[in-house]
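Step one of this worksheet: look at the structure below.
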Number of protein chains: 2
Amino acid sequence: MARLAGVSQATVSLVLGARKQGVAISEETRQKVLDAVRALGYVPDPAASRLAAARNNLLGVFSFTSTFPTDVQHSYYPFLVGVEQEAAARGFDLVLFTGSSTGGAGAAGPQALNRVRLADGCLFLGRHAPADELLRLVADGFPVVHLGRRDELEGLAWVGADYISASRTVVARLAALGHRNIVLVREDDDAPASTDREHGFLKGLEEAGLSGGPAAVFRSADPRRELTAERLRGWLDEGVTAFVAEETDTGDAWRALCDAARDAGVDCPRDASLALLGSPPPDLAGDPVPTGFDVPRPQLGAAAVRLLAALVAGEEATEPLVACAFRTGATAGPAPGHP
Amino acid sequence: MARLAGVSQATVSLVLGARKQGVAISEETRQKVLDAVRALGYVPDPAASRLAAARNNLLGVFSFTSTFPTDVQHSYYPFLVGVEQEAAARGFDLVLFTGSSTGGAGAAGPQALNRVRLADGCLFLGRHAPADELLRLVADGFPVVHLGRRDELEGLAWVGADYISASRTVVARLAALGHRNIVLVREDDDAPASTDREHGFLKGLEEAGLSGGPAAVFRSADPRRELTAERLRGWLDEGVTAFVAEETDTGDAWRALCDAARDAGVDCPRDASLALLGSPPPDLAGDPVPTGFDVPRPQLGAAAVRLLAALVAGEEATEPLVACAFRTGATAGPAPGHP
DNA sequence: GCGCATTACTAATACGCATTAGCGATCCGG
DNA sequence: CCGGATCGCTAATGCGTATTAGTAATGCGC
């Protein structure tokens with residue numbers, strides 16, 4: 001023990017603790033301690049520190065699928081970039097839990113989620129975590145943050161992207177370019193991510209003083225089949241000059257829109273504008289870059305960590321929505337006949 | 001505390017400890033405890049476990065740079081796939097320690113690595129971890145495994161890819177295709193990964209009964225500039241029929257080789273064969289797929305975890321080298337004039 | 001019915017640090 | 001020269017677990 005070497009005892013703790021506590025230490029003693037520490041090569045045992053501090057500086061990251069899936073496409077990587085940075089900045093280390101693995105013993109029984117309690121709090125990715133277990137944690141006062149909108153679970157803290165504002169902005173941009181007749185192509189999905197976009201779209205129309213009737217939204221379970229070149233031509237003949245697609249897992253809405261436009265012989269930025277409410281699938285990422293918005297995944301991860309840190313610290317902070325960044329892209333231009 | 005809920009106290013420890021100690025527990029009590037544990041969602045505090053000189057089923061993963069870099073190219077992702085799988089299979093959870101973060105305070109003092117002692121053992125990625133700190137951990141008996149060859153540090157356990165055998169195999173394949181005159185293009189780097197490849201290359205030549213003089217190795221600090229089409233032509237005129245490039249961070253050796261071959265008007269698999277000792281940079285990954293070998297990164301990660309688990313268990317196991325998989329590819333074919 | 005073994009548990013302790021109350025010394029105003 | 005305040009440090013306690021020593025209860029042989 002360093003205390004024996006130096007002259008003191010748990011004064012060491014005060015010196016090394018660097019707390020801004022009210023306890024005063026003379027410079028002389030401080031140096032004596034530091035010298036002894038150096039001489040002995042003393043290093044504080046983190047286990048003891050964390051035990052004494054009743055706080056182990058660990059944040060859990062729980063994903064039902066593996067955190068590092070073999071299929072990189074479908075990974076949480078972009079979120080984790082932000083999660084790691086923010087956690088590091090706040091002095092937290094991350095514990096990775098995966099639904100498939102969790103439980104040491106192997107069996108991912110109903111106990112699976114309990115293991116996260118060894119951390120100070122836990123971040124949940126993906127919507128596969130069983131709701132009742134999640135709520136149990138929350139009810140027990142364990143700090144939990146869900147990455148992705150989770151309105152339906154009372155009391156569960158979450159952070160999500162602000163699809164409504166982002167979609168509204170896209171429509172506003174199109175309107176500013178002179179488009180007075182815009183159609184939204186969406187898939188047949190009632191996920192919040194999907195309905196939010198429609199909300200934002202309609203809100204954007206309204207704010208621009210445009211017609212937002214049901215005809216403005218084309219909803220299809222299989223857009224790649226149903227969104228044909230003829231249909232597109234029909235819209236164009238009716239005076240539609242811009243088309244907006246929602247982002248989905250498969251990117252089908254956007255793909256269908258692009259294909260239809262090509263098949264119909266439409267010169268994209270000139271004859272009609274296209275926009276994507278989100279990010280394109282990798283194979284359609286460039287050439288041309290879709291006009292639309294990007295979900296700032298790293299920032300989402302960071303925001304989630306901030307929220308979680310606040311909860312761990314006993315604060316009541318809320319920071320649910322993160323703004324998306326508008327992506328100018330190259331698929332939208334002035335409406336035909338617009339200055 | 002679970003003890004209050006159940007009926008007992010630190011009997012809990014005995015039940016959960018699953019130690020094959022001589023202390024007997026009746027099946028009835030054991031069940032009572034387990035039920036209480038389940039009801040409360042009790043999880044042993046990892047810090048307390050460690051402090052009491054026991055395991056907590058946590059393995060650390062320490063990377064000096066962030067584990068999830070913004071620049072995905074240079075990421076540890078492929079390794080972590082294997083690390084996560086193997087750790088899960090063995091009932092360990094992973095703790096991510098990021099070097100950059102260390103200390104929240106910002107200054108990554110000499111204590112940087114110390115946090116990892118909270119876990120049962122720790123895996124180190126990248127060669128930026130300070131050697132003295134690493135050796136300190138080793139000296140203290142803390143289980144440490146370095147992912148990537150680390151011969152120079154006495155006593156440090158590591159796992160690495162067997163570049164020697166893999167490179168030898170590539171040469172053997174080329175020899176089997178009738179190539180009698182092969183040149184290795186390497187960069188001016190003395191990293192083990194680089195010298196190992198040269199070793200394997202020369203060994204392969206030797207075993208094939210080919211000349212392995214210094215002329216067989218072309219070493220350049222800037223191959224993209226120095227490996228010109230003329231130089232390539234020169235070699236071809238001297239009877240060289242196959243070229244082998246080492247893999248580097250930038251992929252410059254391979255890139256230079258491909259460019260030179262193209263500029264010289266060489267029809268790749270027919271006029272001359274090319275092979276790459278490793279994986280190509282992403283932009284050269286396909287069309288044609290380079291003949292060579294793949295570093296089995298996930299397997300490397302898994303092997304590292306196995307080794308670490310062995311160390312944690314107090315065994316002396318060694319499993320340093322992992323075999324690489326030969327990649328047939330499309331850039332190598334029979335030597336001109338070979339059946 | 002008395003020692004001795006065995007079984008099934010519990011009380012007590014150690015682990016290494018953070019934190020708090022408290023103690024002696026010095027200082028300062030009156 | 002005295003009471004109170006401030007400074008600088010230390011003794012003591014608690015964090016939650018694993019482990020060891022020890023105790024009560026039961027069984028068994030003679």
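Chain letters run A, B, ... following the sequence lines, proteins first, then strands; residues in each count from 1.
- Rounded to a whole Å, the CG atom of B:Asn57 is 14 Å from the P atom of D:dT17.
- Nearest nucleotide to the side chain of B:Ser49, out of C:dA18, C:dT10, D:dA18: D:dA18.
- Rounded to whole Å, atom C1' of D:dT17 lies 14 Å from atom CG of B:Leu118.
- With distances taken from any side-chain atom of A:Ala52 to the nucleotides C:dC17, D:dT17, C:dA8, the minimum falls on C:dC17.
- If you measure from atom NZ of A:Lys32 to atom C1' of D:dG8, you get 11 Å, rounded to the nearest angstrom.
- When heavy atoms are screened at a 4.0 angstrom cut-off, A:Leu51 is found touching base atoms of the nucleic acid.
- Atoms CG and OH, from B:Leu123 and B:Tyr76 in turn, are 11.0 Å apart once rounded to the nearest 0.5 Å.
- If you measure from atom CD1 of B:Ile25 to atom P of C:dT7, you get 13 Å, rounded to the nearest angstrom.
- For B:Ala54, the listed nucleotide lying nearest its side chain is D:dA18; candidates were D:dA18, C:dC17, D:dG16.
- Between the CG atom of B:Leu16 and the P atom of D:dT19 there is a distance of 12 Å, given to the nearest Å.
- The separation between A:Arg50 atom CZ and D:dT17 atom P is 17 Å, rounded to whole Å.
- Rounded to the nearest 0.5 Å, atoms CH2 (A:Trp158) and CG (A:Leu153) are 11.5 Å apart.
- A close approach under 4.0 Å does occur between a side-chain nitrogen or oxygen of A:Ser13 and OP1 or OP2 of C:dA18.
- In this structure, of D:dG16, C:dG16, C:dA8, it is C:dA8 that holds the atom nearest to the side chain of B:Ser26.
- What separates CG of B:Leu14 from C1' of C:dT7 is a distance of 14 Å, to the nearest Å.
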Worksheet item: Is there a salt bridge (charged side-chain N to carboxylate O under 4.0 Å, His left out) between A:Arg30 and A:Glu28 once you walk through the steps?
Response: CA-CA 5 Å; A:Arg30 153 182 236 78; A:Glu28 182 188 347; over 6 Å; no

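- Within the model, atoms OG of B:Ser63 and CG of B:Leu80 stand 8.0 Å from one another, a figure rounded to the nearest 0.5 Å.
- Taking only side-chain atoms of B:Thr11, from C-beta outward, the nucleotide of C:dC9, D:dT17, C:dC17 with the closest atom is C:dC9.
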